[in-house]
Amino acid sequence: MSAAERAGLRTGEVAEQAGVNIQTLRYYERRGLLAEPHRSNGGHRLYPPDTVALINVIKAAQRLGFTLDEVADLLDAGRRRHPTTDLRERAIGKIAEIDQKIADLTTIRTSLTEVVDARCDSLTDCTCADCPIPYLTIGTTRPSGEPA
């Protein structure tokens with residue numbers, strides 16, 4: 001076994017240590033998140049030892065709400081020699097997105113609570129006294145210009 005083979009991790013080892021499956025590794029390679037690994041004399045992929053840490057960074061960024069495209073951009077920015085404010089600016093933008101989602105979910109939760117409290121029993125033909133759902137009777141509306 002060559003020195004390069006001793007220094008590299010095989011696909012299964014990386015997947016196990018990082019807690020992902022082999023298809024995830026291949027997908028990250030195709031997406032450019034992971035560099036294409038070297039090959040052993042037998043053709044096995046050999047990843048550098050820091051690959052597990054890189055996958056953990058990718059997964060942590062995803063848990064923070066970043067998409068894989070955003071993670072790829074952040075990794076690319078981090079690989080440049082000149083520091084950038086990309087991560088901070090993107091994190092501020094992500095916080096704004098999260099705040100909007102929280103506001104939207106709060107509105108949805110409030111509406112659903114009203115539906116439960118009113119004891120609504122149908123989306124289209126509710127019989128509760130003060131139904132909070134703005135429903136239309138299905139089939140009674142015709143497209144404009146169509147005769148009744």
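Numbers here are sequence positions counted from 1.
For the salt bridge (Lys or Arg N to Asp or Glu O under 4.0 Å) condition, no pair includes a residue of residues 15-25, sequence neighbours left out.
Under the rule for a side-chain hydrogen bond (donor to acceptor under 3.5 Å, both in side chains), the partners of Arg31 that lie at least two apart in sequence or sit in another chain are Tyr27, Asp69. Every residue was checked against the side-chain hydrogen bond (donor to acceptor under 3.5 Å, both in side chains) condition with Glu13, not counting sequence neighbours, and none meets it. Asp73 meets the side chain to side chain contact (heavy atoms under 4.5 Å, CB included) test with Arg90; sequence neighbours excluded. Checked against side chain to side chain contact (heavy atoms under 4.5 Å, CB included), Arg26 has the following partners two or more places apart in sequence or in another chain: Thr11, Ile22, Arg30, Arg45. Partners of His38 according to the side chain to side chain contact (heavy atoms under 4.5 Å, CB included) rule, which considers only residues two or more places apart in sequence or in another chain, do not exist here. In terms of the side chain to side chain contact (heavy atoms under 4.5 Å, CB included) criterion, residue partners of Ala61 (sequence neighbours excluded) are, by chain and number, Phe66, Val71.
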Determine all donor-acceptor pairs shorter than 3.5 Å in which one atom belongs to a side chain in residues 111-118; sequence neighbours excluded.
from   : atom 1 : to     : atom 2 : distance (Å)
Ser111 : OG     : Thr107 : O      : 3.1
Thr113 : OG1    : Arg109 : O      : 2.9

Identify all side-chain donor-acceptor contacts of residues 49-57 below 3.5 Å with residues at least two apart in sequence or on another chain.
from  : atom 1 : to    : atom 2 : distance (Å)
Thr51 : OG1    : Pro48 : O      : 2.8
Asn56 : ND2    : Val52 : O      : 3.3

Please tabulate, one pair per line, all N/O donor-acceptor pairs under 3.5 Å involving side-chain atoms of residues 96-105, not counting sequence neighbours.
from   : atom 1 : to     : atom 2 : distance (Å)
Glu97  : OE1    : Lys94  : NZ     : 3.3
Gln100 : NE2    : Asp104 : OD1    : 2.9

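To the nearest 0.5 angstrom, Leu25 atom CG is 11.0 Å from Leu33 atom CG. Atom CG of residue Leu68 and atom CD of residue Gln62 lie 4.5 Å apart, to the nearest 0.5 angstrom.
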### Message
side chain to side chain contact (heavy atoms under 4.5 Å, CB included), that's the test. Do Val20 and Val14 meet it? Break it down for me.
### Response
CA-CA 8 Å; Val20 298; Val14 172; 5.9 Å; no
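Between the side chains of Tyr47 and Glu29, at least one donor-acceptor pair of N or O atoms lies under 3.5 Å.
The closest side-chain heavy-atom distance from Leu46 to Pro37 is not below 4.5 Å.
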